Structure formats: structure tokens, C-alpha cells
Colleague: 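Shown below is the structure under consideration.
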Amino acid sequence: MADLEKFDLFHVGYVRLLKRLKALGDELYVGCATDEFNSVKGKKSIIRFEERIEILSCCRYVDRVFAEKNWHQKPDDIRRFDAHVFGMGSDWEGEFDSLSDICKVVYLRRTEHVSTTQLIHHVKASPARSYA
């Protein structure tokens, strides 16, 4: 089996985080990392960028999805979209405090007992099934 620890999967924890982020303002704009940016971060994408954009766009809490191509574009995105709040999961706490000079920075707790890592371990531990 491939090294799944580097994969990122959309799950209910993300839905709940997006719902809480949406409650912080009128519109929710979400940056989606390109495959190339994920590679720079040491992550391998199993769902293509275009498909991740489609998945996020279908979430009722998300008003707009844009490409996140590098670490340094966040200030420009905040200005471009006239964002008043920048939100991230609490696992990034403190990493984006430098943005507080252009908008409010909020770190929200992740959904308890739900994580990509847990899902991956579950998949690895489950016997292979055939759905033919």
C-alpha cells in the first residue's frame, strides 16, 4: 500500500470546520492548494486539484474557491477579496498571526475524534474488499 500518511481526504471534520468558518462572516472564500503546492509541502495529492475544487465548491458553506499556489500569497488574497477575517484550524495556531495587521486572525478547534490520520489508519487496518 502507498504511503498514505501524506494524503489529505475530505471528511466530516472539514465540513464542520467550514460551517464554523462561514459563521464568522457573510461569505466564505477557501484556498485550495494546487498539486504543485502540495508537493512543495511534502504532500501527495490523490484527488486531482480540479476535483478538490469541485468538491469544495459543492459544499453549501463555501461561496468561492481559489487556487493556493504558495505560502506567501495569503496577504494578497486577503486584500484581493477584501477579507475581514482569516480563519484556520487550531493545528496552525500562531502560524498566521502576522496577518493580524490586515485582518482578524482566528484559529478554530478541529472536530474531536475525526482526522485524516484516523481515517488512514482505519483504511490500512481494514481488509481489502472487492466491489465487482
Side-chain angles (χ1 to χ4, degrees):
M1 182 175 271
D3 180 15
L4 290 176
E5 273 71 32
K6 295 185 180 180
F7 293 75
D8 204 357
L9 306 171
F10 192 81
H11 52 71
V12 71
Y14 289 120
V15 173
R16 292 174 182 168
L17 180 62
L18 292 169
K19 180 180 181 180
R20 291 180 15 240
L21 287 166
K22 172 70 173 201
L24 296 174
D26 298 327
E27 295 182 310
L28 178 61
Y29 290 17
V30 177
C32 180
T34 62
D35 295 337
E36 295 78 17
F37 185 34
N38 273 342
S39 180
V40 168
K41 295 188 290 185
K43 293 182 177 185
K44 182 176 180 181
S45 303
I46 57 170
I47 300 172
R48 292 180 315 114
F49 171 71
E50 294 79 10
E51 293 169 346
R52 293 193 312 275
I53 290 280
E54 185 176 347
I55 291 167
L56 283 168
S57 296
C58 289
C59 181
R60 70 180 181 184
Y61 305 113
V62 176
D63 294 292
R64 181 173 181 169
V65 183
F66 61 93
E68 185 178 32
K69 299 177 182 178
N70 61 65
W71 291 110
H72 309 290
Q73 78 181 65
K74 292 184 187 321
D76 292 335
D77 291 336
I78 291 167
R79 289 183 188 100
R80 177 168 48 124
F81 298 123
D82 193 28
H84 301 281
V85 179
F86 174 85
M88 291 290 285
S90 60
D91 52 330
W92 288 96
E93 186 115 19
E95 293 295 320
F96 299 102
D97 289 353
S98 62
L99 299 173
S100 63
D101 62 334
I102 55 176
C103 69
K104 180 179 180 180
V105 177
V106 176
Y107 300 99
L108 299 176
R109 280 189 10 256
R110 297 285 183 166
T111 303
E112 289 188 38
H113 310 297
V114 179
S115 75
T116 302
T117 302
Q118 288 173 331
L119 288 173
I120 289 167
H121 289 303
H122 179 73
V123 168
K124 282 184 166 183
S126 297
R129 296 182 189 168
S130 174
Y131 293 98

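Fair warning: this is a prediction, and the values are worked out from it, not measured in the lab. Note that these values count all heavy atoms, side chains included, but never hydrogens, waters or copies made by symmetry.
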Colleague: Relative to the ring of Tyr29, is the ring of Phe81 parallel (under 30°), tilted (30 to 60°) or perpendicular (over 60°)?
Modeller: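 Rings of Phe81 and Tyr29: perpendicular, as their planes differ by over 60°.
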Colleague: State, to 0.1 Å, how close Val105 and Ser100 come at their nearest heavy-atom pair, and which atoms those are.
Modeller: CG2-N, 3.6 Å
Colleague: Is there a continuous path of hydrophobic side-chain contacts, each under 4.5 Å between heavy atoms, that joins Val15 to Val65?
Modeller: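 Per the 4.5 Å side-chain linkage, Val15 and Val65 are co-clustered.
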Colleague: Identify whether Ile55 and Leu17 are in the same connected component of the hydrophobic contact network (ILVMFWY, side-chain heavy atoms under 4.5 Å).
Modeller: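 Same hydrophobic cluster.
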Colleague: How long is the span from the SG atom in Cys103 to the CZ atom in Arg79, to the nearest 0.5 Å?
Modeller: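 Rounded to the nearest 0.5 Å, the SG-CZ separation comes out at 9.5 Å.
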Colleague: So does Phe37 get a backbone contact from the side chain of Thr34, meaning a donor-acceptor N/O pair under 3.5 Å?
Modeller: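 Yes; at least one donor-acceptor contact below 3.5 Å.
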Colleague: Between the side chain of Gln73 and the main-chain N/O of Ala67, is any donor-acceptor distance below 3.5 Å?
Modeller: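 Checked: pair present.
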Colleague: Find the distance between CE (Met88) and CG (Leu99) and round it off to the nearest 0.5 Å.
Modeller: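 The distance works out to 9.5 Å.
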Colleague: Answer whether the closest heavy-atom distance between the side chains of Asp97 and Tyr107 falls below 4.5 Å.
Modeller: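 The answer is yes, as the side chains (C-beta and beyond) meet within the 4.5 Å cut-off.
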Colleague: Verify the neighbour count for atom CG of Asp101: are there more than 12 heavy atoms of other residues, nucleotides or ligands below 6.0 Å?
Modeller: yes
Colleague: Find out if a path of hydrophobic residues (ILVMFWY) with successive side-chain heavy-atom gaps under 4.5 Å connects Val30 to Ile78.
Modeller: no
Colleague: Working to the nearest 0.5 angstrom, can you tell me the gap between Leu28 CG and Lys22 NZ?
Modeller: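 Reported value, rounded in 0.5 Å steps: 6.5 Å.
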Colleague: Look at the side chain of Glu95 and the backbone N and O of Trp92, then say whether any donor-acceptor pair between them is shorter than 3.5 Å.
Modeller: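 No.
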Colleague: For Glu93, I'd like to know if atom CD has over 12 heavy atoms of other residues, nucleotides or ligands within 6.0 Å.
Modeller: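 Atom CD in Glu93 is crowded, with more than 12 foreign heavy atoms closer than 6.0 Å.
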Colleague: For the CG atom of Leu24 and the CG atom of Leu108, what is their distance to the nearest 0.5 Å?
Modeller: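 Spacing of CG (Leu24) from CG (Leu108) equals 5.5 Å.
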Colleague: Are Glu36 and Phe49 side-chain neighbours, meaning at least one heavy-atom pair lies under 4.5 Å?
Modeller: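 Of all side-chain heavy-atom pairs linking Phe49 with Glu36, none is under 4.5 Å.
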Colleague: Kindly say whether Arg109 contributes a backbone atom to a donor-acceptor pair with the side chain of Arg20 at under 3.5 angstrom?
Modeller: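 Yes; judged by distance alone, with no hydrogens or angles, the pair exists.
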Colleague: State, with a plain yes or no, whether a side-chain heavy atom of Phe86 is found less than 4.5 Å away from one of Asp77.
Modeller: no
Colleague: First locate atom SG of Cys32, then atom CG of Asn38, and finally report the distance between them rounded to the nearest 0.5 Å.
Modeller: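 Output value for this atom pair is 8.0 Å.
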Colleague: Are any of the side-chain heavy atoms of Leu56 and Leu18 separated by less than 4.5 Å?
Modeller: yes
Colleague: Quick check for you: to the nearest 0.5 Å, what is the distance between Asn70 atom CG and Lys41 atom NZ?
Modeller: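 Result: 10.5 Å between the selected atoms.
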Colleague: Only one of Lys69, Arg52, Arg48 forms a salt bridge (Lys or Arg N to Asp or Glu O under 4.0 Å) with Asp35, so which one is it?
Modeller: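 Testing Asp35 for a salt bridge (Lys or Arg N to Asp or Glu O under 4.0 Å) against Lys69, Arg52, Arg48 leaves exactly one candidate, Arg52.
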